[in-house]
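Just so it is clear, the model here is predicted, and its values are computed rather than measured.
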Amino acid sequence: MKVIAIDGPAGSGKSTVARRLAEHLGLEYLDTGAMYRAVTFAALRRGVDPADADDIATLVPQLELEVGGDTVRVDDVDASIEIRGPEVTRAVSVVAANPRVRADLVRRQREWAQSRDGGVLEGRDIGTVVFPDAVLKVYLTARPEIRAARRSKEVSDLSYEAVAADLARRDALDEGREASPLTQADDAIIVDTSDLSVDDIVAQLAGRLP
Ligand code: DC
């Protein structure tokens, strides 16, 4: 099984790089952050408090999640737009800190890759927890102001300052949580994407494949 793990904080360029690398290698791509967002979306929609660990843990196994390309469906409802909205973005960190949510989604991520004999998976814990035996582990970073500028371009209704503050808040939550915190795997290739083009990064990573 040929699994490529791409981890890093929000705005580090994970999605762009993971998509392009998958295309380049003829593999499928999975955005695992979209799965945590989809669970959060389902909770909000059903009036379940994202911070209620027991209620969320009961909800997750019941959900039918379909993540493919740019489309995310939860119980057959297209949630592709809403999962990127401010409500979900605000609440997703607490859902992602829930160990029982993580256990369920990690199982689904492993099944996704096994059924395809590999793929490019992007997230926070892919190289450390989900696929510690991945053939290639990548940890992307970028300077905080670059990451905030990238995110501001995607969310036009928030100021740069608001986006930068939200990124700092989410970094602290993702890095500080007890369950699978965001951290670099010892054997990951670390790339600072601040001043590199996507083509250069993809070429560099493809060249590191065994
Ligand atoms: O990459 P993103 O911003 O769409 O991720 C949404 C949230 O999910 C973010 O708070 C980190 C969390 N996440 C995680 O804990 N583990 C993953 N494998 C992917 C995302």
Side-chain angles (χ1 to χ4, degrees), residues 1-38 65-73 80 83-84 92 96 102 105-155 167 170-171 174-175 180-210:
M1 186 161 67
K2 190 176 186 179
V3 169
I4 295 169
I6 304 198
D7 293 300
S12 59
K14 288 192 307 289
S15 298
T16 311
V17 170
R19 267 172 216 279
R20 288 278 292 277
L21 185 63
E23 224 171 84
H24 182 79
L25 300 172
L27 294 171
E28 282 188 67
Y29 152 76
L30 182 64
D31 173 1
T32 64
M35 299 172 79
Y36 290 92
R37 288 174 179 272
L65 299 180
E66 238 184 276
V67 180
D70 283 329
T71 314
V72 175
R73 299 179 73 82
S80 317
I83 62 159
R84 306 288 164 198
V92 67
R102 303 201 70 84
L105 294 187
V106 166
R107 181 185 51 78
R108 296 184 197 227
Q109 291 155 17
R110 289 182 178 144
E111 281 172 11
W112 179 91
Q114 266 145 17
S115 67
R116 289 162 176 80
D117 202 29
V120 178
L121 290 91
E122 156 214 337
R124 303 291 192 287
D125 61 340
I126 309 301
T128 49
V129 174
V130 188
F131 286 107
D133 297 329
V135 291
L136 184 71
K137 295 184 193 179
V138 182
Y139 189 92
L140 300 182
T141 62
R143 293 192 294 277
E145 68 276 17
I146 300 261
R147 293 169 45 215
R150 287 175 181 160
R151 274 291 143 109
S152 308
K153 266 194 217 158
E154 291 167 16
V155 282
L167 271 189
R170 286 209 289 142
D171 282 356
D174 291 343
E175 288 166 7
S180 312
L182 171 65
T183 176
Q184 298 169 0
D186 292 338
D187 48 353
I189 299 169
I190 299 165
V191 182
D192 185 328
T193 65
S194 303
D195 305 310
L196 295 174
S197 74
V198 181
D199 284 345
D200 285 346
I201 300 165
V202 168
Q204 185 185 331
L205 296 178
R208 298 291 290 266
L209 267 174

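Side-chain contact between L25 and L209 is present, with at least one heavy-atom pair separated by less than 4.5 Å. Between I6 and L21 the shortest side-chain heavy-atom distance falls below 4.5 Å. Considering only heavy atoms from C-beta on, R116 comes within 4.5 Å of W112 through its side chain. Side-chain contact between P144 and L167 is absent, with no heavy-atom pair separated by less than 4.5 Å. Looking at heavy atoms from C-beta onward, L65 lies out of side-chain contact with V72 at the 4.5 angstrom threshold. Under the 4.5 Å side-chain criterion, counting only non-hydrogen atoms from C-beta, I4 is not in contact with I126. R110 places none of its side-chain heavy atoms less than 4.5 Å from the side chain of M1. The shortest side-chain heavy-atom distance between T128 and T183 falls under the 4.5 Å cut-off.
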**OP:** Evaluate side chain to side chain contact (heavy atoms under 4.5 Å, CB included) for R170 paired with E175, printing each intermediate quantity in order.
**Re:** CA-CA 8 Å; R170 286 209 289 142; E175 288 166 7; over 6 Å; no
**OP:** Output, in order, the C-alpha distance, side-chain angles, deciding distance and verdict of side chain to side chain contact (heavy atoms under 4.5 Å, CB included) for T193 and I201.
**Re:** CA-CA 8 Å; T193 65; I201 300 165; 3.7 Å; yes
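Between K137 and D187 there is a salt bridge, since a side-chain N of the basic residue sits under 4.0 Å from a carboxylate O of the acidic one. Between R37 and D31, no side-chain nitrogen of the basic residue sits less than 4.0 Å from a carboxylate oxygen of the acidic one, so the salt-bridge criterion is not met. Checked for salt-bridge contact, E154 and R151 meet the test: a charged N lies under 4.0 Å from a carboxylate O. Using a 4.0 Å cut-off between charged nitrogen and carboxylate oxygen, R147 and D171 count as a salt-bridge pair. Between R19 and D70, at least one side-chain N (NZ, or NE/NH1/NH2) sits under 4.0 Å from a carboxylate O, which counts as a salt bridge.
Contact between L196 and D192 at its shortest, heavy atoms only, is CD1-O, 3.5 Å. Contact detail for Q109 and Y36: the closest heavy-atom pair is NE2-CE1, 4.0 Å. Between S180 and V129, the shortest heavy-atom distance links the atoms OG-CG2, 3.7 Å. Summarising the geometry of T141 relative to Q184, their closest heavy-atom pair is CG2-NE2, 4.5 Å, with the distance given to 0.1 Å. Of all the heavy atoms in G11 and A142, the pair that sits closest is O-CB, 4.4 Å.
Summarising the geometry, atom CE belonging to M35 is positioned 11.0 Å from atom CD1 belonging to I83; distances are rounded to the nearest 0.5 Å.
For the residue pair S15 and E122, a side-chain donor N or O sits within less than 3.5 Å of a side-chain acceptor on the partner.
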